[in-house]
Amino acid sequence: QVQLVESGGGSVQAGGSLRLSCNASGFLDYRDYCMGWFRQVPGKPRDWVASLDYDGRPNYLDSVKGRFTISSDGEKATLLTLYLQMNNLRPEDTAMYYCAVKGQCWRANRVPENYDFWGRGIQVTVSS
């Protein structure tokens, strides 16, 4: 069973930085999966933020391009850490951030229902 655990959230002032990490375990081989980050504020749908394609190419929500960077570090086939470096944070970035994994990489990145496993989420709060 794939397990995802996020860390690195917190509270910062506008213009500050945070780096989120997602420790992923339970894969037979993580290279068969694709991963991404979503965020959600209370009362609104969960929104896609960034993801990595099967070939490692990053994709970003327009509003975070140039400020956020997604990357991964595979220690071995069964373990992977996914990162989201967030710079120049804005109050509108405030949300619960979730790490997610999909087993069928061809499925659209932006659709939450295409992802098979989710972390519990971690709060990011940006004050003005």
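As the structure is a computational prediction, the values presented were derived from the model and not from experiment.
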- Item | NZ/NE/NH1/NH2 to OD/OE distance under 4.0 Å, R110 and D47 | no
Give the minimum heavy-atom separation between [X] and [Y], together with the two atoms involved.
X: I122; Y: G9; answer: CD1-N, 3.3 Å
X: T94; Y: V126; answer: OG1-N, 2.8 Å
X: V49; Y: F38; answer: CG2-C, 3.9 Å
X: R39; Y: A95; answer: CB-CB, 3.7 Å
X: S127; Y: P91; answer: C-CG, 4.5 Å
X: D53; Y: C34; answer: C-SG, 3.8 Å

Straight-line distance of [X] [atom1] to [Y] [atom2], nearest 0.5 Å:
X: T81; Y: N23; atom1: OG1; atom2: CG; result: 4.5 Å
X: S71; Y: R19; atom1: OG; atom2: CZ; result: 7.0 Å
X: L20; Y: M86; atom1: CG; atom2: CE; result: 3.5 Å
X: M96; Y: R120; atom1: CE; atom2: CZ; result: 11.5 Å
X: R90; Y: S128; atom1: CZ; atom2: OG; result: 14.0 Å

Report yes or no: do [X] and [Y] belong to one cluster of Ile/Leu/Val/Met/Phe/Trp/Tyr joined by side chain heavy-atom distances under 4.5 Å?
X: L82; Y: L61; answer: yes
X: F117; Y: L80; answer: yes
X: V124; Y: Y83; answer: no

[X] side chain to [Y] backbone, donor-acceptor under 3.5 Å:
X: D116; Y: G103; value: yes
X: E6; Y: C22; value: no
X: Q85; Y: F68; value: no
X: K102; Y: M35; value: no

- Could you verify whether a donor N or O on one side chain and an acceptor N or O on the other, from S17 and N87, lie under 3.5 Å apart? yes
- The side-chain contact (heavy atoms from CB on, under 4.5 Å) partners of D62 (sequence neighbours excluded) come to K65
- Message: As a quick check of understanding, evaluate side chain to side chain contact (heavy atoms under 4.5 Å, CB included) for V101 and L4, giving each step before the final call.
- Response: CA-CA 9 Å; V101 170; L4 307 174; 3.7 Å; yes
- Could you walk me through whether Y97 and L84 pass the side chain to side chain contact (heavy atoms under 4.5 Å, CB included) test, one step at a time? CA-CA 10 Å; Y97 282 71; L84 187 67; 4.2 Å; yes
- Task: Any chance you could lay out the side chain to side chain contact (heavy atoms under 4.5 Å, CB included) test for R107 and E113, step after step, and finish with the verdict?
- Result: CA-CA 10 Å; R107 292 189 170 187; E113 290 76 15; over 6 Å; no
- Task: Output, in order, the C-alpha distance, side-chain angles, deciding distance and verdict of side chain to side chain contact (heavy atoms under 4.5 Å, CB included) for Q104 and D32.
- Result: CA-CA 8 Å; Q104 294 174 306; D32 293 333; over 6 Å; no
- Task: Using side-chain contact (heavy atoms from CB on, under 4.5 Å) as the criterion, point out the one residue from Y115, W37, W118 that pairs with Y98.
- Result: W118
